[in-house]
Student: 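Could you have a look at this structure, given as structure tokens, before my questions?
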Amino acid sequence: MTDTLFSKGVTEALNFSAVERLCIGEPDWLRERREHAWTLYEQTPMPTTKLEEWRYTDLRKKLQLDTLSLSQATVVPDDPTAWPKRLRKAMKEDRQASGHIVVIDGHVVHSDLEADLIAKGVILSSLHDAIEQHPNLVGNCLATEAVPPEEGKFAALNAALWSDGIFLYVPAEVQLNTPIRVTRWLSEAGVAQFSRVLILAENASRISYVDEILSDDFSEQTFASNAVEIIAKERAQVQYVSVQRLGRGAFYQSVQRTLAHRDATLDTLNVALGASVSRVDLNARLLGEGANSDMLGLYFGDDDQHFDFNTSQDHISPHTTSNLLYKGALDAASRAVFRGIIRVKPTAQRTDAYQTNRNLLLSENARADSLPNLEIEADDVKCSHGATVGALDPDAKFYLMSRGLSRIQAERLVVLGFLGEVLSKLPLGGVVEKVTRVIEEKLSQH
């Protein structure tokens, strides 16, 4: 049963009246953006399987937006004793942090940041507070260049109906030695929740940001939408990690855009372990010469879970590099879809870009579809892509069993070794251990 933190309260449908309510007390520029986004949402058809990007995820069967509503529930107090046990446990498993954000049912209920970072000008706050206190920083970037509503149906819906979000700003040459850790909890069934993340890293700054979302199982479908906008200025270094551990009955949808300027490094890791349906649209744009992006993904499915990853690596300037590695294991009747494309513009000579997707099937009923693509408009590049779908290696399993391990132990080692390559490339404290433990719990049911 879902751990409900407060009464359901009054609900309202996903319509323009909801937009008008959210606009109350907001500046004119934000109200105009919400209204513009809603207009685009209404004008944009719902994606169907006739579109290449949605060929293997039929929204008519997977998502019932018309049955969902927005909640007007009261904000939970900033008191850990009032928070769910699983949320508190997830936070205790984390290692050291430069700051924390706690989001419960779409509302930021807690925020803290090391004092020395505050003194250096770092900002970590709810998006609503940032709009009020730092309008120039937020106004220029929110839903404009990275994830504007013109990006598609769900981007427009999120831009119109987001209830709260997270703003992180790091000034030039300021370096965070430990990650910012965000923990989100969803408790309400039958609702749609919309949030946004805006990260601005100025020249030569350094950030690690870990965002975990989790819940119990839901009795009704619950829709969680997140839009992530990350801008790394010249020579900035940014690591963004998303760990999705929602319960069954959740439909998780995330659109992520990363903008890397000259000599910037902007790495991402998407971990998908929960939800009934998960859809991630990730676009990395290498805008400045010397920019680099490593794009990592890991997923483990069981029961009838459905994971859909749609990625793109856009090389705009010369001497840019990107390297994508997505690996997943699928058990029972779970399914994964990976669709990726490397785009190299005529202006992006001397590009190095790679894309790899590998899938391990643990059941005869599991399925993986992998569609890597290249779109090259320059003639001096190094680009490649590859994909594999296969079962557990019987020789490797036999070898381990011949050394005294049980079949279950042998399979566990093979799977963890297969997936461990991804985690080893971005070994942030607490993340590897947490993800490994969840995978082991899933394997114990295999």
Side-chain angles (χ1 to χ4, degrees), residues 2-14 17-27 30-31 34 68-88 90-91 99-113 123-134 138 142-143 157-168 180-199 209-216 218 222-229 242-247 250-254:
T2 301
D3 189 354
T4 303
L5 299 178
F6 37 73
S7 61
K8 182 83 170 180
V10 179
T11 62
E12 62 183 319
L14 308 183
S17 65
V19 179
E20 292 179 316
R21 178 178 66 80
L22 290 166
C23 289
I24 296 174
E26 294 183 338
L30 183 53
R31 184 189 71 251
R34 285 191 188 272
L68 303 176
S69 60
L70 292 178
S71 172
Q72 300 180 54
T74 308
V75 179
V76 174
D78 185 1
D79 177 7
T81 62
W83 302 346
K85 292 181 179 179
R86 283 193 60 204
L87 184 151
R88 299 199 304 267
M91 294 183 68
H100 300 86
I101 290 275
V102 178
V103 184
I104 298 179
D105 287 309
H107 299 285
V108 175
V109 301
H110 173 83
S111 175
D112 66 70
L113 183 66
I123 302 168
L124 176 65
S125 72
S126 76
L127 197 49
H128 276 305
D129 288 345
I131 288 169
E132 180 179 343
Q133 299 168 13
H134 311 282
V138 178
L142 182 65
L157 183 61
N158 185 288
L161 293 179
W162 64 269
S163 58
D164 204 351
I166 297 165
F167 177 66
L168 173 60
I180 297 296
R181 298 190 185 270
V182 175
T183 311
R184 306 172 189 262
W185 177 264
L186 273 65
S187 70
E188 293 183 285
V191 302
Q193 296 187 356
F194 302 90
S195 62
R196 297 189 77 90
V197 176
L198 177 58
I199 299 175
Y209 179 98
V210 181
D211 195 326
E212 180 176 15
I213 183 169
L214 63 161
S215 75
D216 291 329
F218 294 104
T222 296
F223 181 63
S225 170
N226 192 31
V228 180
E229 302 175 298
S242 171
V243 181
Q244 187 271 107
R245 296 172 56 198
L246 291 170
F251 188 118
Y252 175 75
Q253 177 268 324
S254 179

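Please read these numbers as outputs of a predicted model, since none were measured by experiment.
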Student: Is a donor on one side and an acceptor on the other found under 3.5 Å between the side chain of T222 and the backbone of E188?
Tutor: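 Checked: pair present.
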
Student: Ignoring hydrogens and angles, tell me if any N or O in the side chain of N226 forms a donor-acceptor pair with the backbone of F194 under 3.5 Å.
Tutor: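 Judged by distance alone, no pair lies under 3.5 Å.
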
Student: Rounded to the nearest 0.5 Å, what's the gap from CZ on F167 to CG on D129? Could you check?
Tutor: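 Result: 11.5 Å between the selected atoms.
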
Student: Could you pull out the closest heavy-atom pair between A18 and A13, with the gap in Å?
Tutor: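 Taking every non-hydrogen atom into account, CB-O, 3.7 Å.
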
Student: Which pair of non-hydrogen atoms, one from A90 and one from E212, has the smallest distance, and what is that distance?
Tutor: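 Taking every non-hydrogen atom into account, CB-OE1, 3.9 Å.
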
Student: Could you go through the side chain to side chain contact (heavy atoms under 4.5 Å, CB included) check for L142 and L30 one step at a time?
Tutor: CA-CA 9 Å; L142 182 65; L30 183 53; 4.2 Å; yes

Student: Is there side-chain contact between R86 and D216, with heavy atoms separated by less than 4.5 Å?
Tutor: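 Counting from C-beta outward, R86 and D216 do come under 4.5 Å.
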
Student: Using side chain to side chain contact (heavy atoms under 4.5 Å, CB included) as the criterion, list what pairs up with S215, not counting sequence neighbours.
Tutor: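 S215: side chain to side chain contact (heavy atoms under 4.5 Å, CB included) contacts with L186, F218, L246.
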
Student: To the nearest 0.5 Å, how far apart are CD1 in I166 and CD1 in I199?
Tutor: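 The CD1 atom of I199 is 8.5 Å from CD1 of I166, to the nearest 0.5 Å.
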
Student: What I'd like to find out is whether the side chain of I123 reaches to under 4.5 Å of the side chain of Q133, using heavy atoms alone.
Tutor: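 A side-chain contact under 4.5 Å is absent here.
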
Student: After noting the C-alpha distance and the side-chain angles of Q193 and R184, does the key distance pass the side chain to side chain contact (heavy atoms under 4.5 Å, CB included) rule?
Tutor: CA-CA 12 Å; Q193 296 187 356; R184 306 172 189 262; over 6 Å; no

Student: Mind checking whether V108 and V103 have side chains closer than 4.5 Å, heavy atoms only?
Tutor: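 When only atoms from C-beta onward are counted, V103 and V108 do touch, with a gap below 4.5 Å.
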
Student: Do D78 and H110 have a side chain donor and acceptor closer than 3.5 Å?
Tutor: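 Distance-only check passes for D78 and H110.
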
Student: Identify the residue among L214, I213, D211 that makes a side chain to side chain contact (heavy atoms under 4.5 Å, CB included) with Q244.
Tutor: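 Only one option passes, and that is I213.
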
Student: Hey, mind stepping through N158 and R196 against side chain to side chain contact (heavy atoms under 4.5 Å, CB included) and telling me if it holds?
Tutor: CA-CA 8 Å; N158 185 288; R196 297 189 77 90; 2.9 Å; yes

Student: Hey, what do you get for CG (L157) to CZ (F223), rounding to the nearest 0.5 Å?
Tutor: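 If I round to the nearest 0.5 Å, the distance is 6.5 Å.
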
Student: Does NZ or CZ of R34 lie under 6.0 Å from the centre of the six-membered ring of W162, at an angle within 45° of the ring axis?
Tutor: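 That pair qualifies as a cation-pi contact.
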
Student: Taking R88 for its side chain and P80 for its backbone only, find out whether a donor-acceptor pair lies under 3.5 Å.
Tutor: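 Yes; judged by distance alone, with no hydrogens or angles, the pair exists.
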
Student: Taking all heavy atoms of C23 and all of R31, pick out the closest pair and write down the distance.
Tutor: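 Where C23 meets R31 most closely, the heavy atoms are SG-CG, 3.4 Å.
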
Student: S111: which residues meet the side chain to side chain contact (heavy atoms under 4.5 Å, CB included) condition with it, sequence neighbours left out?
Tutor: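 In terms of side chain to side chain contact (heavy atoms under 4.5 Å, CB included), with neighbours along the sequence ignored, S111 is linked to I101, L124.
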
Student: Provide the closest heavy-atom pair for L22 versus A160 in the form atom of the first, atom of the second, distance.
Tutor: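 Result for this residue pair: CD1-O, 4.0 Å.
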
Student: If we ignore angles and hydrogens, is there a donor and acceptor under 3.5 Å between the side chains of H107 and D164?
Tutor: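 No - no donor-acceptor pair under 3.5 Å links their side chains.
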
Student: Give the intermediate values and the outcome of side chain to side chain contact (heavy atoms under 4.5 Å, CB included) for residues V76 and D105.
Tutor: CA-CA 9 Å; V76 174; D105 287 309; 5.7 Å; no

